[in-house]
Amino acid sequence: MKVLAIDTSNFTLGIALTDGDQVVGEYVTNLKKNHSLRVMPAIESLLRDCDTKPAELEKIVVAKGPGSYTGVRIGVTIAKTLAWTLNIPLVGISSLEALAANGRYFNGMISPLFDARRGQIYTGLYQFTESGLESRGEDTNMLAVEWAQKLKELNEPVLFVGQDIAIHVDTLKDILGEKAYFIPVQAYNPRPAELAFLGRDKKQEDVHMFVPNYVRMAEAEVKWLEQQKK
């Protein structure tokens, strides 16, 4: 099965093409540039370099959030459009789950994270088992200090994954001490090939009903709701 994976949910832009158990090609950048201008050319370039026509694709897998509101919308919109146009299945995978896959060889819990500003993070808890990567709870948005305190109660080693680690490393170390582990910089960025494999065997979504998972509302939405209550 040829799978195209798309991740524009955060700073990293990732596109991958897999065929069965083979990674045919990956495109990953970590640049401060507009995803909306670059994602379609990146897809076209990857498919061309891999001698693959759009009509040969058999599934689209997209990172559905959380992350940048704009970034998530870009990826989901393109994925839905491609799936509908090509009449192939669409699968959405948590952006945090895709990032957690970088901790494949860690013997313990994995906590992927994205900075959510004002001391907050988007995060979740995952673990590799014989069955693969499994979630140990719903993705969430909370203060980094509160998350660290919750993890401390588990009394288990936790690997933190993501390029925003540096923003919260002191808080996590202070609370978790020797139970806190941090992935090396080479593995900060999510791998779109991991995203493809995570979604390859998952049940397809309804293309028209599929929506991003922002985990929390945008600030503008919160303010609008407050105004409506008044």
Side-chain angles (χ1 to χ4, degrees), residues 4-16 27-43 60-84 90-102 111-126 135 137-144 146-147 160-168 188-192 194-196 198-199 202 205-229:
L4 178 70
I6 303 168
D7 187 354
T8 64
S9 59
N10 285 278
F11 200 71
T12 303
L13 167 63
I15 310 294
Y27 178 92
V28 179
T29 62
N30 192 27
L31 304 171
K32 191 175 183 180
K33 292 187 177 181
N34 193 332
H35 289 341
S36 64
L37 300 177
R38 300 173 58 239
V39 61
M40 281 308 299
I43 292 173
I60 305 291
V61 180
V62 64
K64 65 180 181 180
S68 158
Y69 294 105
T70 302
V72 171
R73 284 194 292 269
I74 290 169
V76 168
T77 299
I78 289 175
K80 290 178 67 170
T81 302
L82 287 173
W84 181 79
L90 169 69
V91 171
I93 297 294
S94 164
S95 305
L96 288 165
E97 182 179 358
L99 182 57
N102 287 10
S111 177
L113 65 85
F114 305 128
D115 181 57
R117 301 181 181 180
R118 300 175 183 175
Q120 299 181 86
I121 55 175
Y122 294 114
T123 190
L125 197 61
Y126 295 83
S135 173
E138 293 185 2
D139 292 344
T140 187
N141 167 234
M142 66 171 61
L143 289 169
E146 293 180 357
W147 179 244
F160 293 96
V161 185
Q163 61 179 264
D164 294 331
I165 288 174
I167 301 173
H168 304 281
Y188 274 7
N189 297 330
R191 288 277 309 280
E194 292 282 12
L195 177 65
L198 286 170
K202 294 282 181 71
E205 313 271 0
D206 183 314
V207 173
H208 300 293
M209 299 299 292
F210 179 65
V211 294
N213 178 23
Y214 297 120
V215 174
R216 73 176 185 187
M217 290 187 291
E219 187 173 350
E221 293 176 297
V222 173
K223 290 181 178 178
W224 183 85
L225 289 173
E226 290 176 349
Q227 291 175 350
Q228 299 309 304
K229 291 179 181 178

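In this text the structure is predicted, and so the values were computed from the model without any measurement. Note that the numbering runs from 1 along the sequence shown for the chain.
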Residues in side chain to side chain donor-acceptor pair (under 3.5 Å) with [X], at least two apart?
| X | answer |
| --- | --- |
| Q163 | T12, N30, N189 |
| S135 | none |
| E194 | R104 |
| T77 | none |

So which heavy atom on [X] is nearest to which on [Y], and how close?
| X | Y | value |
| --- | --- | --- |
| P66 | N10 | O-ND2, 3.6 Å |
| P190 | P192 | O-CD, 3.5 Å |
| F210 | G92 | CZ-CA, 3.7 Å |
| L195 | A98 | CD1-CB, 4.0 Å |
| V207 | A83 | CG2-CB, 4.2 Å |
| P112 | T123 | O-OG1, 2.7 Å |

Just verifying a value: how many Å separate [X] [atom1] and [Y] [atom2], rounded to the nearest 0.5 Å?
| X | Y | atom1 | atom2 | result |
| --- | --- | --- | --- | --- |
| I93 | D7 | CD1 | CG | 11.0 Å |
| L125 | D139 | CG | CG | 10.0 Å |
| H168 | D115 | NE2 | CG | 4.0 Å |
| S9 | F114 | OG | CZ | 5.0 Å |

With no hydrogens and no angle check, is any side-chain donor or acceptor of [X] less than 3.5 Å from a backbone partner on [Y]?
| X | Y | result |
| --- | --- | --- |
| D164 | A166 | no |
| K64 | V76 | no |
| H208 | W84 | no |
| T8 | H35 | no |
| S95 | G67 | no |

ask   = Y214 vs Y69 aromatic rings, parallel, tilted or perpendicular, using cut-offs 30° and 60°?
value =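 Correct class here is tilted.
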inquiry  = Within the structure provided, determine whether S94 and Y126 are in side-chain contact (heavy-atom separation under 4.5 Å).
reply    =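 Of all side-chain heavy-atom pairs linking Y126 with S94, at least one is under 4.5 Å.
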key: L4 vs V61 side-chain heavy atoms within contact, under 4.5 Å   =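 SC-SC contact between L4 and V61 ruled out.
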request  = Show your working on side-chain contact (heavy atoms from CB on, under 4.5 Å) between V161 and L113 and close with a plain yes or no.
outcome  = CA-CA 6 Å; V161 185; L113 65 85; over 6 Å; no
Could you tell me which residues satisfy side-chain contact (heavy atoms from CB on, under 4.5 Å) with [X], sequence neighbours excluded, listed by chain and number?
| X | value |
| --- | --- |
| A79 | I6, I60, V62, L90 |
| Q120 | A116, R118, N141, L143, R216 |
| L31 | T29, K33, R38 |
| S68 | T70 |

ask   = Partners of Y122 by ring pair (Phe, Tyr, Trp, His ring centres under 6.0 Å), sequence neighbours excluded?
value =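 Once residues adjacent in sequence are excluded, Y122 has no partner under the ring pair (Phe, Tyr, Trp, His ring centres under 6.0 Å) criterion.
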task = Not counting sequence neighbours, which residues clear salt bridge (Lys or Arg N to Asp or Glu O under 4.0 Å) with R191? List them please.
result =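 With sequence neighbours excluded, R191 shows a salt bridge (Lys or Arg N to Asp or Glu O under 4.0 Å) to E26, given in chain and number order.
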message = Under a 3.5 Å cutoff, is there a donor and acceptor pairing between the side chains of W147 and T140?
response =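 No - no donor-acceptor pair under 3.5 Å links their side chains.
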